[in-house]
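This report refers to the structure that appears directly beneath it.
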Amino acid sequence: MTIPETTGPSTPEPAAKSVFIKSYGCQMNVYDSQRMADSLSKEGYVETAVMEDADLVILNTCHIREKAAEKVYSTLGRVRVARDVRRSEGRDTVIAVAGCVAQAEGAEIIRRSPAVDLVVGPQAYHRLPAMLAEVATRSTEGIRSGVVDTEFPLDDKFSALPQPTAQKTRARGPAAFLTIQEGCDKFCAFCVVPYTRGAEMSRPVARLIEEAERLAGMGVREISLLGQNVNAFHGEGPDGRIWTLARLLARLAEVPGIERLRYTTSHPGDMTDDLFEAHHGLPQLMPFLHLPVQSGSDRILSVMNRKHTAAHYRSIIERLRRGRPDMAFSSDFIVGFPGETDRDFADTMALVADIGFASAYSFKYSPRPGTPAATMADQVPESVQADRLARLQDLLGQQQKAFNAACVGRSLDVLFERKGAKPGQIAGRSPYLQAVQIDAADDLIGSIATVTVTGTGTWSLYGALPPALLTKEVA
Ligand code: 5AD
Ligand code: SF4
């Protein structure tokens, strides 16, 4: 006998609380935001895209450069205004700051911005529900003091956070992030990450396989493995041995439904032989690598404590290209690091000219409190930084345009993720993460199809399904 799902009059569900989460910075924050949303959905929260409607606003912040960190405070001003409007209507808003600014500044955030109720560091997200309960208790007792947790606990937050939920992940599309490693032990002289995210920690392989299988079961076709230093991955395998990133990639490639794998962000010092082999031999691993170099000058690389030279970086690119000629690269660059001369900068421009990048991120050096570079002599004037950044971005922009133009006429496999800019169009990503738009029906969304690239626009490529091939569907 089957029991009907609903019987008789039911007691009304309590009205759901809503949460608005805004992520700044890297993809790891995007992943963390999703996991926080999953954990809060167990507490009865539903996500809203409208900050003004939310009972709980979480800003998941980035501390990597000063501009990113300061953005939090201007946004907090807007959130406070929205909260005051809600209060005048008899409702309240809990304001939470998460992420790396929370970790770096802790209670200082509440001193600067007293409207903030809760500050939670990236290693404490699993304690968010308990912290919210504490905020609620304090507020019924009439206490308005913030709750702060920026501890690096011994327990693993990932095992305490719930797995992604089916309903949510389907809504999030066929390309997903999966954090496999967190923290960094490299201590590049400019970087706050070792202080905000802590020491390197790799998640156990069995859990990662489980999470990948769950994602695949929800329609995910592409997984980007995330870590601040992802190729330093050294997770404990089900066999009790330490697995490398290459071994993990090979195992995840066996998960039915997972057609594409990527990883980011990596360090040139951790490009192991087995990882080169994976790039050369594992078809699921996309022929595109984001490999930050920061500078083309050995002198600057040494002061940056990068522990690699420009020649070493070039040799990595050559070796990858030798075994996989269709491989393309992106990178991160910092201009105007303390002591950088015109000659050092010329070395960076020469490296870029020699390698040819498909895309790149470049930044003016921004002194971060507590990092060794912040107190180095010879800080480079802003006007010099701006001039160098403009020249570098001009060259990188030309290279990106040339790379996109060279794709015209090529057949590329595109994973379609969403509706396109215009009706009748759908949009997805090429193996090189280029956005690709085609005219096609929505039912291709969620699958991979081979597309002939017909043209380039400012932000995306345009393509068509070759009539004869029609599709190489996988889902
Ligand atoms: N100033 C400028 N750029 C920085 N990055 C990290 N720290 C700084 C800083 N203090 C850049 C690096 C890194 C990327 C994520 O951000 O290029 O690879
Ligand atoms: Fe920061 Fe990356 Fe250097 Fe680690 S390797 S300190 S995350 S730039």
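Numbering of ligands and ligand atoms starts at 1, following listing order.
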May I ask you to decide whether [X] forms a salt bridge with [Y], counting only side-chain N to carboxylate O separations under 4.0 Å?
X      : Y      : answer
Glu318 : Arg321 : no
Glu211 : Arg203 : yes
Asp273 : Arg319 : yes

*Does Phe190 approach ligand 2 within less than 4.0 angstrom via side chain, backbone, both or neither, non-hydrogen atoms only?*
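Phe190 to ligand 2: side-chain contact only, backbone stays beyond 4.0 Å.
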_Within reach of ligand 2, part of Pro292 (heavy-atom separation under 4.0 Å)_ =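 Looking at Pro292 and ligand 2, no heavy atom falls under 4.0 Å.
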*asked:* So, 2.8 Å as the limit: is an N/O/S atom of Cys188 located closer than that to atom 1 (Fe) of ligand 2?
replied: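 No, Cys188 does not qualify, because none of its backbone or side-chain N, O or S atoms lies under 2.8 Å.
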*Of the side chain and backbone of Phe190, name the one, both, or neither that has a heavy atom under 4.0 Å from an atom of ligand 1.*
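Both backbone and side chain.
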Would you mind running through ligand 2 and noting each atom that sits below 4.0 Å from a heavy atom of [X]?
X      : value
Pro194 : 6 (S)
Lys186 : 4 (Fe), 5 (S)
Phe187 : 6 (S)

_Quick check on Arg306 - does any of its heavy atoms sit under 4.0 Å from an atom of ligand 2?_
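True for this residue.
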*Answer yes or no for Arg112 and Tyr73: cation-pi contact, defined as NZ/CZ to six-membered ring centre under 6.0 Å and angle to ring axis within 45°.*
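Satisfied, under 6.0 Å and within 45°.
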*Decide whether a cation-pi geometry holds between Lys22 and Phe20; the criteria are a distance under 6.0 Å from NZ or CZ to the six-membered ring centre and an angle within 45° of the ring axis.*
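No cation-pi geometry.
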*Take Gln103 and Gln123 through the test side-chain hydrogen bond (donor to acceptor under 3.5 Å, both in side chains) and record every step on the way to the result.*
CA-CA 9 Å; Gln103 188 63 44; Gln123 305 308 327; over 6 Å; no
How far is [atom] from its nearest protein heavy atom, and which residue and atom name does that atom have?
atom                    : value
atom 1 (Fe) of ligand 2 : Cys191 SG, 2.3 Å
atom 13 (C) of ligand 1 : Asp332 OD2, 3.5 Å
atom 2 (C) of ligand 1  : Lys364 O, 3.3 Å
atom 10 (N) of ligand 1 : Ser366 O, 2.7 Å
atom 16 (O) of ligand 1 : Arg65 NH1, 2.8 Å
atom 17 (O) of ligand 1 : Gln294 OE1, 2.6 Å
atom 4 (Fe) of ligand 2 : Cys184 SG, 2.2 Å

*asked:* Checking side-chain polar atoms at under 3.5 Å, does Asp344 have a donor or acceptor matched by the opposite partner on Thr341?
replied: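 Side-chain D/A pair, Asp344 to Thr341: present.
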*With distance as the sole criterion, is a donor-acceptor pair present between the side chains of Glu66 and Ser366 under 3.5 Å?*
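No.
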*Under 2.8 Å from atom 4 (Fe) of ligand 2, is there an N/O/S atom belonging to His267?*
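Short answer: no, not a single N, O or S atom is under the cut-off.
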*By number and element, which atoms of ligand 1 are closer than 4.0 Å to a non-hydrogen atom of Ile64?*
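Answer for ligand 1: 5 (N), 6 (C), 7 (N), 8 (C), 9 (C), 10 (N), 16 (O).
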*Should the ring pair Tyr432 and Phe403 be called parallel, tilted or perpendicular, given that the plane angle runs from 0 to 90° and is split at 30 and 60?*
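Correct class here is perpendicular.
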*Return the orientation label for the His308 and His312 ring planes: parallel under 30°, perpendicular over 60°, tilted otherwise.*
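His308 vs His312 ring planes: tilted.
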*Please walk me through it: do Asn404 and Thr456 pass side-chain hydrogen bond (donor to acceptor under 3.5 Å, both in side chains)?*
CA-CA 7 Å; Asn404 288 344; Thr456 63; over 6 Å; no
